[in-house]
Structures are given as structure tokens and as C-alpha cells.
Peer 1: 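The structure follows.
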Protein chains: 2
Amino acid sequence: MANALRLGVAGLGTVGASVIRLLDKQGNRIAVNSGQAVRVRAVSARDKSRDRGVDLSRFSWFQDPVDLARSDEIDVFVELIGGDNGPAEASVRAALESGKHVVTANKALLAKHGVSLAILAESKGVSLCYEAAVAGGIPIVKTLRESMAGNDISRVYGILNGTCNYILTRMETDGISFEDCLADAQRLGYAEADPTFDIEGNDTAHKLAILTSLAFGTKISADDIYLEGITSITTADIQAADELGYRIKLLGVAQRTDSGIEQRVHPTMVPKSSAIARIDGVLNAVAVDGDYVGEIVLVGPGAGGNATASAVVADISDIARGDLTPVLGMPARDLEDFTQAGMRVHEGGYYIRLAVVDRPGAFAEIAKCMADAGISLESIVQRRKGAAGSRGETDVTPQPVMLITYETTEVAVRDALDAIVCKGVVSDAPQMIRIEKLS
Amino acid sequence: MANALRLGVAGLGTVGASVIRLLDKQGNRIAVNSGQAVRVRAVSARDKSRDRGVDLSRFSWFQDPVDLARSDEIDVFVELIGGDNGPAEASVRAALESGKHVVTANKALLAKHGVSLAILAESKGVSLCYEAAVAGGIPIVKTLRESMAGNDISRVYGILNGTCNYILTRMETDGISFEDCLADAQRLGYAEADPTFDIEGNDTAHKLAILTSLAFGTKISADDIYLEGITSITTADIQAADELGYRIKLLGVAQRTDSGIEQRVHPTMVPKSSAIARIDGVLNAVAVDGDYVGEIVLVGPGAGGNATASAVVADISDIARGDLTPVLGMPARDLEDFTQAGMRVHEGGYYIRLAVVDRPGAFAEIAKCMADAGISLESIVQRRKGAAGSRGETDVTPQPVMLITYETTEVAVRDALDAIVCKGVVSDAPQMIRIEKLS
């Protein structure tokens with residue numbers, strides 16, 4: 001057996017402590033199966049004195065993760081610090097520059113600097129592994145990089161943020177508002193005190209940027225992702241979706257189209273019969289459409305210390321075995337620039353919710369605006385408020401009207417909605433949710 | 001770049017032809033990404049003259065696959081012949097003995113000879129890859145072998161046979177009998193002319209035997225698998241399952257218990273809310289419960305030429321990259337013998353359908369038999385035949401009674417059913433379907 005692979009772990013939060021516990025438990029097995037012993041040799045964190053439930057006295061301590069990254073004591077640098085620059089970026093670069101393998105769970109770092117880090121890793125002949133960065137315990141990086149090696153991929157999409165999925169699931173099952181669900185999620189530790197990054201879709205976008213590169217052989221481009229969070233989703237939308245045969249999920253979708261590659265994060269209506277519609281609570285799911293394999297769907301925990309540690313340790317085990325895969329599936333220098341398809345040319349079905357003012361001819365005007373934009377309607381649901389007969393002539397409360405369009409373009413829908421607003425037949429900004437075509 | 005990796009493909013049916021087409025299409029990409037060119041050099045099949053839609057004139061032709069396996073012209077032997085002995089076994093052994101890597105889609109061969117072939121491969125320092133052998137295009141072998149490297153696994157289970165799942169799905173959605181569904185499946189090419197191997201569960205058992213070894217580090221043992229096919233499932237069972245909140249799936253389940261490892265293939269009631277319940281038609285799904293990662297579920301096409309070829313080519317790509325993983329996840333010589341837990345000690349809930357004779361006290365006797373065996377009942381559904389009031393005093397047709405038990409043991413259920421039959425209160429053999437506890 002070769003000399004032991006010496007690890008340096010930077011960042012000792014929940015995931016870091018779990019990685020150390022898991023290696024304590026399974027170190028022997030990993031050594032036997034990979035042909036090389038694996039040992040944590042040194043660690044780094046902000047606070048040396050904090051009790052993390054693991055004995056750190058066995059390890060060298062580095063106050064500065066960059067010093068750890070450069071240290072001759074280690075062969076693999078495990079970055080669990082987080083953040084897209086600062087010490088995380090500096091230490092990962094330092095590790096790669098000094099010829100060390102890197103394992104990281106840092107999606108923000110990869111979304112921003114993935115290509116340059118991949119080029120650096122490949123120029124040094126070392127691994128840069130990040131299974132834990134996308135969908136936590138789900139082995140989607142390995143699946144795209146290795147298991148689908150022979151496939152041309154047309155689309156990759158998924159539920160990539162457990163916080164959002166927990167909120168949408170609770171809104172549906174318990175019929176409570178977005179705000180109440182968010183408060184619950186925060187109380188249960190599923191959402192941060194400042195949840196912006198999750199609920200506005202940025203976290204999903206980081207993961208999607210990495211998946212896009214892996215799926216299409218393109219450079220990572222997180223900045224141009226179309227982004228729409230879940231804060232505008234109401235229980236009325238959730239109920240309407242249910243009645244119309246859909247569920248609402250925050251999806252990240254990357255898709256080849258005639259106009260380029262779409263990268264988009266938005267609340268999405270998915271048919272109840274689809275696999276993705278049944279993913280509830282904090283679970284994540286990723287689906288990939290390959291030309292030879294067909295559609296593969298992977299479901300599992302997208303976060304949590306132990307699930308993330310499982311992915312980190314799998315990466316360490318690959319390095320111990322000597323497996324060296326191009327970081328983004330193909331040599332990073334060959335990754336292509338790509339044309340990001342604009343959302344205006346996006347094609348699909350749409351759900352539209354309008355608060356229609358109660359006056360004769362209002363709906364006729366709406367129908368005309370849709371027709372003028374060339375949009376055909378698949379379903380129309382108008383719900384009269386209150387019980388039958390309870391509505392007096394003085395009731396001028398707007399009527400909620402829900403429309404489902406046949407396949408059309410985003411620009412047509414936006415034009416129609418602009419026209420509807422202009423005509424003053426709705427009392428509120430229209431709600432619009434895209435429908436994803438799924439098998 | 002190293003010299004090209006030279007492939008010999010034995011067996012040119014649907015999968016073999018698809019592998020050749022896929023390599024024609026993606027060969028360059030695989031070369032760039034894996035660092036080694038991949039070229040089919042030679043082929044072997046029974047009938048040289050048959051038109052397979054691919055140009056074979058480029059390749060050397062071997063009438064005998066064993067000659068191909070031994071040939072100095074190739075580095076990797078791709079076995080797509082099928083069968084658990086004969087030319088498939090002989091050629092795979094010949095290839096390994098002459099130091100060649102092997103890629104195979106042959107579950108029967110691995111279920112029977114997997115351990116000895118793995119020992120042989122490892123003694124020669126070559127790969128034996130078989131992603132395509134279990135659940136077709138789903139990357140479950142890689143997931144268990146690599147992505148879950150740090151996990152202790154408590155259970156692996158799945159829908160591993162598309163033919164059975166197609167039949168059960170059709171029985172449910174269309175309310176038609178097993179026999180009619182089977183005929184349809186045969187007409188559509190989803191079932192063989194002799195479907196025994198699929199519908200009796202043998203095919204599922206072969207795949208389960210391999211999964212068990214990968215999950216638990218045990219020797220492959222296909223002979224002792226408890227086996228029950230789907231031929232006894234009626235539309236009455238499917239309807240009752242639906243009413244009680246379940247679906248019926250043919251599952252292969254391997255599970256650690258206090259009595260050893262259970263390996264069982266049988267029709268199973270799964271809660272409608274579970275991920276596995278939503279897998280319809282010819283799709284396959286595999287779920288793995290790991291102590292660190294939690295539950296991972298992989299869904300995709302379990303058969304078909306292209307999906308299988310995708311998995312074969314992924315294996316070839318791993319070999320081209322130089323990745324050498326122990327065949328069954330750990331060195332084959334260290335695989336453990338294991339105690340197969342007998343079905344009598346299986347613990348779980350049970351669905352029981354009885355055709356109860358129409359006489360006073362019959363149900364009381366049944367209830368007593370259950371109580372005597374220590375079985376508590378969670379639900380009882382008795383369906384009176386015909387509309388209310390239409391049943392005359394002379395109607396002595398047996399009444400179908402459906403029971404769901406709380407968790408109990410198989411021996412208790414069998415004892416209770418034996419007693420019920422003895423007392424002559426049922427007119428038919430009782431139906432019994434196990435319920436799988438799923439999150």
C-alpha cells in the first residue's frame with residue numbers, strides 16, 4: 001500500500017466535524033478499498049477553543065487556512081470554509097498551486113472561479129473535487145462527469161434548494177402563507193436568519209451554473225442566469241396549480257435551445273405525474289436528459305452535515321484510488337463559451353393569474369389581448385368568491401382568473417400582460433409562472 | 001496521449017450495435033476527456049451476415065468469442081452475449097486470464113460467477129465493469145461502489161424489472177388482468193415470448209444479488225434469495241392497495257436485520273407517498289439507505305439498447321481513464337460470507353385478502369386466528385358485492401375481506417393463515433402481500 005494520503009481540513013463547522021467523524025469511522029475501509037490509507041493530519045478554523053465534539057488534539061492546527069493549504073504536511077486540502085472569495089478562494093488557489101488535490105463543498109466559489117481553478121488544477125495534474133457542492137449527498141457530479149460520458153445532454157434540471165422546497169411543500173400541505181412557512185423553516189433550522197440567498201434563487205443558480213458546465217461542456221457562467229425566487233408565490237397559486245394538475249417547485253433548468261443555452265431559476269409548474277413533482281420537504285432532486293440513456297433522476301438529501309460529509313469522503317476516496325477526472329468533465333481549457341438564450345425567446349406553457357376587475361367586458365378584453373399576442377388558452381378557471389348567492393350587486397371585488405396557455409413564447413406572454421395592465425382590467429400586477437414540459 | 005484502447009465486442013444484438021454506434025459518435029470526446037483514444041478493433045457474433053445497421057467491415061471478425069477474448073488485438077473485452085455459462089462465461093474468463101479488462105451487461109453471469117470472476121480480475125490487475133448489468137442506464141453500481149464509499153448501508157431496494165413494472169402499472173391504470181397486461185407487454189416488446197424469467201422474479205433476483213454484495217461487502221449469493229413473482233396479483237389486490245393508500249410493486253430488497261441479511265424479491269405494498277410508488281411503466285428505480293448520506297433514490301430506464309449502451313460506454317470510459325476500482329467495491333478476496341435471514345423471521349406489515357364464506361361467525365373465527373397468532377390489525381375492508389339491497393338470502397358467494405396488519409412476523413402471518421384455512425372459513429387460498437416500510 002502506498003504512503004497514507006494526508007488531509008488538511010479547513011473549516012470545522014457542522015460539515016467539517018462530520019467529515020472528521022466519518023473518516024475516523026471508515027478510514028480503514030477506505031484504505032482497503034482504495035489501496036491507500038487516508039489520514040487527517042492538520043486542521044484550520046477560526047476558533048480553536050470551540051467544542052466541536054471531535055478530538056482535534058491529534059491534528060496540527062493552522063490559524064490561517066492558506067498556510068495549511070501550502071503546508072508540506074498534507075496532500076489533499078479539504079475546503080469547508082465557504083464564500084466565493086476571501087480565505088476560501090485564497091486557500092484553494094494556494095493548495096492547487098502547491099500541487100495539492102482539493103476537495104470542496106463550496107458552490108459559490110466554483111460558480112465564480114470554477115474554470116480558472118479547474119485550469120490551475122489540471123495544469124498541476126491534481127484533482128479538484130466538489131461532489132458536495134451540488135445537491136449535497138446526491139452523486140450528480142459523478143453521474144454527469146462519468147456515468148453519462150457517452151451522452152449528448154439536452155437538459156438538466158432540478159430542485160436544488162431544500163429551503164425553498166420545504167417552504168413550497170408546507171404551503172401546499174398546510175395551506176399557510178409564504179411568510180409563515182419561512183418563519184417555520186427558520187425556527188427548524190432549514191432557513192438562515194437572512195434567507196435572501198435561498199429564497200431569491202441565488203443558491204440554486206450557483207449549483208445550476210456548475211451543472212450547466214458539466215452537462216454541456218461550457219464555461220461556468222453564473223452571472224447571466226435568469227433568476228426569480230419564490231417570494232411572490234401565494235397559496236392561491238398553489239391551490240390553482242393543484243386544481244390544474246400541477247405542483248409548484250423552484251427549479252433550476254439548463255437547456256439547449258435553437259437560440260443557445262437557457263439557464264434559468266424560477267418557480268415552475270410541474271405536472272403532478274412527474275417524478276420531480278413528488279419531491280417534498282428539504283429533499284433535492286436532479287434530472288438529466290441524455291440522448292442515449294434517456295432521463296435519469298437522482299433524489300436525496302441536498303444538505304446537512306452528514307450527507308455533505310458523505311459526498312466529501314467519496315471525493316477523498318476517489319483521490320485515494322488515484323482517479324483523476326477532468327474537473328468539469330472535459331479539459332478545462334477546452335470548455336466553450338456559449339450563447340445564453342434570452343428569456344424573451346423562451347418557449348413553453350404559462351400559468352397566469354389575474355385579479356380581474358368586476359365590470360362587463362373585462363374578460364373579453366383579456367381574451368382579446370391574449371389572442372392579439374397569438375396565445376392560445378388551454379384552460380381557464382374563474383373562481384367566484386363567496387358561496388353561490390352571497391354576492392350582492394355592490395360587490396366590486398376583483399375576480400381571480402387563472403389561465404393556462406398552450407406552448408408560446410415569453411415575449412408573447414409579456415406583451416399580452418402589458419396590454420392587459422394598460423387596459424385597466426386588472427387591479428393587481430399579473431402573476432405568471434412557467435410550466436416545464438416533463439415526461 | 002497513450003496508445004488507443006482497443007476493444008473487442010462479443011455479441012452484436014441491440015446493445016452491441018448500439019455500443020458501436022455510440023462509440024462512433026462520441027469516440028473523440030471520450031478520448032479527450034479520458035486521455036486515451038478508444039477504438040473497436042474486433043467483433044464476434046453468431047451470424048456474420050445479419051444486417052445490424054452498423055458497418056462491421058472495419059473490424060476483425062471472430063467466430064468464437066473465446067478466440068476474440070484471447071486475441072492480442074484487443075485490450076478490453078466487451079461481453080454482450082448473455083447467459084450464465086457457455087460462451088459468455090468462457091470468454092469472460094479467457095479475457096481476464098489473458099490480462100484484459102472486461103465490460104459486461106450480463107447480470108446472470110455475475111450473479112452466478114461474480115466473486116470468482118472478481119478474484120480473477122483483481123489477481124490480474126484488470127477491471128471487471130458491469131454498470132449495465134443492474135438497472136440498465138441507472139448508475140447504481142458506481143453510486144454504491146464510489147459515491148457511498150463512506151456509508152454503512154442498511155438497505156438497498158428497488159424496482160429492477162421493467163416488464164413487471166409495466167404490467168403492474170397497466171393493471172392499475174387500466175384495471176385489466178395480469179394475463180391481458182402480459183399479452184400487451186409481449187406485443188409491445190416489453191416482455192419475452194417466454195416471460196417466466198421476468199414475471200417470476202428471477203431477473204430481479206440476479207440484480208439484487210449483485211446489489212447486496214456491493215451494499216454489504218458480502219459474497220454474491222443468488223441461490224438463497226426468497227422469490228415470489230407477480231403472477232398471483234389480481235386487480236382486486238391492486239384496487240384494495242389503492243383504497244388503503246398503497247401501490248403494488250415487484251421489489252428486490254436486501255436489508256440488514258438482527259438475523260442476518262434478508263434478500264427477497266416479492267410483490268410489495270409501498271405507500272403512495274413514497275418515491276418508489278411513483279415509478280411507472282418500464283422505468284427502474286433503486287433506493288439506498290446509508291447511515292451518513294440518508295436515502296438516495298436513482299430513477300431511469302432499466303433496459304433498452306441505447307440506455308444499456310450508455311452504461312457500457314461509461315465503463316469503457318472509466319477504463320480509458322485508468323480508474324481501477326475493486327470489482328465489488330472491496331477486494332473480492334475479503335468479501336464476507338453472510339447469514340441469509342430466513343423469511344419466517346421477516347418483520348413487517350402485511351396485506352391479506354381472504355375470500356370469506358358467507359356464514360355466521362366466519363369473520364369472528366378469522367379475527368380469533370389473527371389474535372391467537374399475536375397479530376394486530378390496522379385496517380379491515382370488507383366489500384359487500386352488488387349494490388345495497390340487491391343481496392338475497394340465497395347468496396352464499398364468498399365475501400372478499402382485506403386486512404392490513406400492524407408490524408408482525410412472517411411466521412405469525414403464516415400460522416394465522418394456516419389456521420384460517422383449516423377452519424374452512426375461506427373458499428380460496430389466502431392472498432398475502434408484504435408491506436415495505438418506507439419514509
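Letters go in sequence order (proteins before strands), and every chain restarts at 1. Below, each value reflects all heavy atoms present in this structure, side chains not excepted, and no hydrogens, waters or symmetry copies.
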Peer 1: What distance separates B:Asp334 CG from A:Arg29 CZ, expressed to the nearest 0.5 Å?
Peer 2: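 Spacing of CG (B:Asp334) from CZ (A:Arg29) equals 12.5 Å.
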Peer 1: Can you tell me which of B:Val299, B:Ile279, B:Thr325 forms the most heavy-atom pairs within a distance under 4.5 Å of chain A?
Peer 2: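 Most heavy-atom pairs under 4.5 Å with chain A: B:Val299.
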Peer 1: Per the side-chain hydrogen bond (donor to acceptor under 3.5 Å, both in side chains) rule, what does the pair list look like for residues 269-278 of chain B, sequence neighbours excluded?
Peer 2: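 Counting only pairs at least two positions apart or across chains, the side-chain hydrogen bond (donor to acceptor under 3.5 Å, both in side chains) contacts touching residues 269-278 of chain B are B:Asp242-B:Lys272.
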Peer 1: In chain order, what residues pass the ring pair (Phe, Tyr, Trp, His ring centres under 6.0 Å) check against A:Phe216, with sequence neighbours excluded?
Peer 2: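 So A:Phe216 forms no ring pair (Phe, Tyr, Trp, His ring centres under 6.0 Å) with any residue.
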Peer 1: Which one of B:Val141, B:Asn306, B:Ile30 has the most heavy-atom pairs closer than 4.5 Å to chain A?
Peer 2: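 Winner by heavy-atom pair count: B:Asn306.
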Peer 1: Tell me, out of B:Thr143, B:Val313, B:Val312, B:Ile296, who's got the most heavy-atom pairs with chain A below 4.5 Å.
Peer 2: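 Of B:Thr143, B:Val313, B:Val312, B:Ile296, B:Ile296 has the most heavy-atom pairs under 4.5 Å with chain A.
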Peer 1: Of all of A:Gly27, A:Gly329, A:Gly322, which one pairs up most often with chain B through heavy atoms under 4.5 Å apart?
Peer 2: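 The option with the most such pairs is A:Gly329.
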Peer 1: Tell me, for A:Ser34 versus chain B, whether the close heavy atoms (under 4.5 Å) come from the side chain, the backbone, both or neither.
Peer 2: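 Neither part, no heavy atoms under 4.5 Å.
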Peer 1: Where on A:Glu295 is there a heavy atom nearer than 4.5 Å to chain B: the side chain, the backbone, both, or neither?
Peer 2: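 Interface part for A:Glu295: backbone (N, CA, C, O).
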Peer 1: Drop me the distance from B:Arg321's CZ to A:Leu324's CG, to the nearest 0.5 angstrom.
Peer 2: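 Answer rounded to 0.5 Å: 9.0 Å.
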Peer 1: Write down the atom of B:Ala314, the atom of A:Ser147, and the distance for their closest heavy-atom approach.
Peer 2: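 In terms of heavy atoms, the two residues are closest at CB-O, 3.4 Å.
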Peer 1: Counting only heavy atoms closer than 4.5 Å, note whether B:Thr308 contacts chain A via side chain, backbone, both or neither.
Peer 2: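 For B:Thr308, there is no contact with chain A at all, as no heavy atom is under 4.5 Å.
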Peer 1: Is it the backbone or the side chain of B:Arg21 that comes under 4.5 Å from a heavy atom of chain A, or both, or neither?
Peer 2: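 Its backbone and side chain both get close to chain A.
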Peer 1: When only pairs under 4.5 Å are counted, which of A:Ala311, A:Ala307, A:Gly137, A:Pro326 shares the most heavy-atom pairs with chain B?
Peer 2: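 With the most close heavy-atom pairs to chain B, the winner is A:Ala307.
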Peer 1: Can you tell me how far CD of A:Gln26 sits from CG of B:Asp152, rounded to the nearest 0.5 angstrom?
Peer 2: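 The CD atom of A:Gln26 is 4.5 Å from CG of B:Asp152, to the nearest 0.5 Å.
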Peer 1: Would you mind telling me which of B:Gly305, B:Pro301, B:Ser317 has the largest number of heavy-atom pairs within less than 4.5 Å of chain A?
Peer 2: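 Option with the greatest count: B:Pro301.
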Peer 1: Partners of B:Glu436 by side chain to side chain donor-acceptor pair (under 3.5 Å), sequence neighbours excluded?
Peer 2: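 Once residues adjacent in sequence are excluded, the partners of B:Glu436 under the side chain to side chain donor-acceptor pair (under 3.5 Å) criterion are B:Arg155, B:Arg264.
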Peer 1: Strictly less than 4.5 Å between heavy atoms, which residues of residues 280-290 of chain A line up against chain B? Please order them by number.
Peer 2: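 From residues 280-290 of chain A, none sit under 4.5 Å of chain B.
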Peer 1: Identify which part of A:Asp318 has an atom lying under 4.5 Å from any heavy atom of chain B, answering side chain, backbone, both or neither.
Peer 2: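 The side chain, not the backbone.
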Peer 1: Report the distance from atom CG of A:Leu328 to atom CG of B:Asn33, rounding to the nearest 0.5 Å.
Peer 2: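 Going from CG on A:Leu328 over to CG on B:Asn33, the span is 11.0 Å.
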Peer 1: Looking only at heavy atoms, what is the nearest atom pair of A:Asn151 and B:Ser310, with distance?
Peer 2: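 Taking A:Asn151 first and B:Ser310 second, the nearest heavy atoms are ND2-OG, 2.8 Å.
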Peer 1: Rounded to the nearest 0.5 Å, how far apart are CG of A:Asp291 and CG of B:Leu22?
Peer 2: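 These two atoms lie 7.5 Å from each other.
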